[in-house]
Protein chains: 2
Amino acid sequence: MPRNRRPQDRETKSAEIVAAAATLFADVGYEKTTMAAVARAAGVTTTTIYWYVEDKEALLLAVLDHLLATILGDLEQLVDRSPTDQLLWIVERLQEQSRLVTTVHALATTSEAVGAWHDGFHELTDAMLAEGLREVGVPEERVPAMTRLGVFAIEGLLMHPLPPQEQRAVLELLTTGHGHG
Amino acid sequence: MPRNRRPQDRETKSAEIVAAAATLFADVGYEKTTMAAVARAAGVTTTTIYWYVEDKEALLLAVLDHLLATILGDLEQLVDRSPTDQLLWIVERLQEQSRLVTTVHALATTSEAVGAWHDGFHELTDAMLAEGLREVGVPEERVPAMTRLGVFAIEGLLMHPLPPQEQRAVLELLTTGHGHG
DNA sequence: ACCTGAACACCGTTCAAGT
DNA sequence: ACCTGAACACCGTTCAAGT
């Protein structure tokens, strides 16, 4: 048996478990997803999961980390696009994961680890949005408040699906300072 | 035994159960609050709760309804204040209940009933905010988008506590169209 | 009508035992 | 090192039995 076969397998199986959890969390929701269901979807026993992950919350964090890494990876392909385009693309991606977004918010106050993840995520997206605003020519002293408002708007759109035109109207109001014409 | 004693008692005890649940939901969170804990706090047996309420979710809805009624009741005292003042006052009240806010969002997609409550709540707050914007002189065609953005900002502030000055900066940017000076 | 103790189903997690 | 079946603790909920 080759020396490096085990680690390979370990990563593969771990990835399968995380992938199964990601799908179920997005479809059924975190709270309603059973560890047994994750195990079934991943083709292992329930107890096996605990060999790869400390508990259900750690599984959630693994899913979040994987998701974030995937999004950031795909984003590299879009470096040449405008910051606004990049942001809109992120919104689309997160919209598919709105259940996970609300779950993170719900657990952020209760769980130290999820709270830390949430803070880290916002540091990243805040910085990205601020950068975009500066590139668009927003004066420096307005950047912080606009960044906040922008993030709030994005989260709001994630959690309250709106018809495309209304969604667009909100984002236009946000960026240009006046609603549609 | 007087004819009307029972109904009185029933309402009292029901109110005690809902009050106990409201406190625990706000402090510990909905998911982490045990029906046994609610019962203990209300001075009844766990099973007794099920005489007054169908299940845990119905208990949540009772808490939400009571909270909303209380807030709207108190708001009557402030009719002479400006819409902005009224809104700020509501934000403060909801800020004490941010756990409940995230819980509603988390369950809104899963539960029909919570989803309906959430929609009703937004209809109400959206209408209030729109009214306030009109009174402040916002042109009619900008009202819808600004209302949306305003609600998103408020929810954002509820879920991401900010230092007072930054909170103020966001609200000012929202209402005046430019950040602090 | 209202309340209860005992019991049930379900779920996250642990553990002793296997390979 | 990795995996499992059996068992445990906990929780929402039900039910037969009481007043």
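It should be emphasised that the depicted structure is a prediction, and the values quoted were computed from it without experimental measurement. So you know, we letter chains A, B, ... as the sequences are listed, proteins then strands, and number each from 1.
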*B/Arg93/B/Asp74 salt bridge by N-O under 4.0 Å criterion*: yes

*Describe the nucleic acid contact of A/Thr48 in one word from base, sugar-phosphate, nothing, applying a heavy-atom distance below 4.0 Å.*
base

*For A/Glu16 and D/dC2, give me the distance from atom CD to atom C1', rounded to whole Å.*
15 Å

_Value in whole Å for how far the P atom of C/dT4 lies from CH2 of B/Trp51_ = 12 Å

*Would you give the length of the straight line joining atom CD1 of A/Ile154 to atom CG of A/Leu174, rounded to the nearest 0.5 angstrom?*
8.0 Å

*Would you give the length of the straight line joining atom OG1 of A/Thr102 to atom CD of A/Glu31, rounded to the nearest 0.5 angstrom?*
10.0 Å

*Can you measure from CD1 (B/Ile17) to CE (B/Met35) and round to the nearest 0.5 angstrom?*
9.0 Å

*Around atom CD of A/Glu135, are there more than 12 heavy atoms of other residues, nucleotides or ligands at under 6.0 Å?*
yes

*asked:* Strictly below 4.0 Å: does A/Thr34 bring a side-chain N or O up to OP1 or OP2 of C/dC10?
replied: no

*Check for a donor-acceptor pair, side chain of B/Thr33 on one end and backbone N or O of B/Gly29 on the other, with a separation under 3.5 Å.*
yes

*asked:* In whole Å, I'd like the distance from the NZ atom of A/Lys13 to the P atom of D/dA1.
replied: 16 Å

*For DNA chain C, what are the stems built from at least three Watson-Crick or G-U pairs in a row, each pair having both distances below 3.5 Å?*
C:4-8 with D:12-16, C:12-16 with D:4-8

*Going through the distances and angles, do A/Ile71 and A/Leu94 end up as a side-chain contact (heavy atoms from CB on, under 4.5 Å)?*
CA-CA 9 Å; A/Ile71 291 182; A/Leu94 288 179; 4.2 Å; yes

*Between D/dC3 atom P and A/Ile17 atom CD1, what is the distance in whole Å?*
8 Å

_To the nearest 0.5 Å, what is the distance between CE on B/Met128 and CG on B/Asp126?_
11.0 Å

*Between residues 25-33 of chain B and DNA chain D, which residues have a heavy-atom gap below 4.0 Å?*
B/Thr33

_Checking A/Asp119 now: which residues fulfil salt bridge (Lys or Arg N to Asp or Glu O under 4.0 Å) with it, not counting sequence neighbours?_
none

*Could B/Lys32 and B/Phe25 be counted as a cation-pi pair, given that NZ or CZ must be under 6.0 Å from the ring centre and within 45° of the axis?*
no

*Going hydrophobic residue to hydrophobic residue with side-chain gaps under 4.5 angstrom, can you get from B/Val136 over to B/Leu129?*
no

*What integer distance in Å separates A/Ile49:CD1 from D/dC3:P?*
12 Å

_Any residue in residues 106-118 of chain B with a heavy atom nearer than 4.0 angstrom to DNA chain D? Just list them by number, or reply none._
none

*Applying ring-ring contact (aromatic ring centres under 6.0 Å, His included), which residue pairs with at least one partner in residues 62-120 of chain A are found, sequence neighbours left out?*
A/His105-A/His118, A/His105-B/His160, A/Trp117-A/Phe121, A/His118-A/His122, A/His118-B/His160

_Per-nucleotide protein contact string for nucleotides 13-19 of chain C (B base, S sugar-phosphate only, - none; heavy atom under 4.0 Å)_ = BBB----

*Measure from NZ or CZ of A/Lys56 to the centre of the six-membered ring of A/Tyr30 and say whether it is under 6.0 Å with the direction within 45° of the ring axis.*
yes

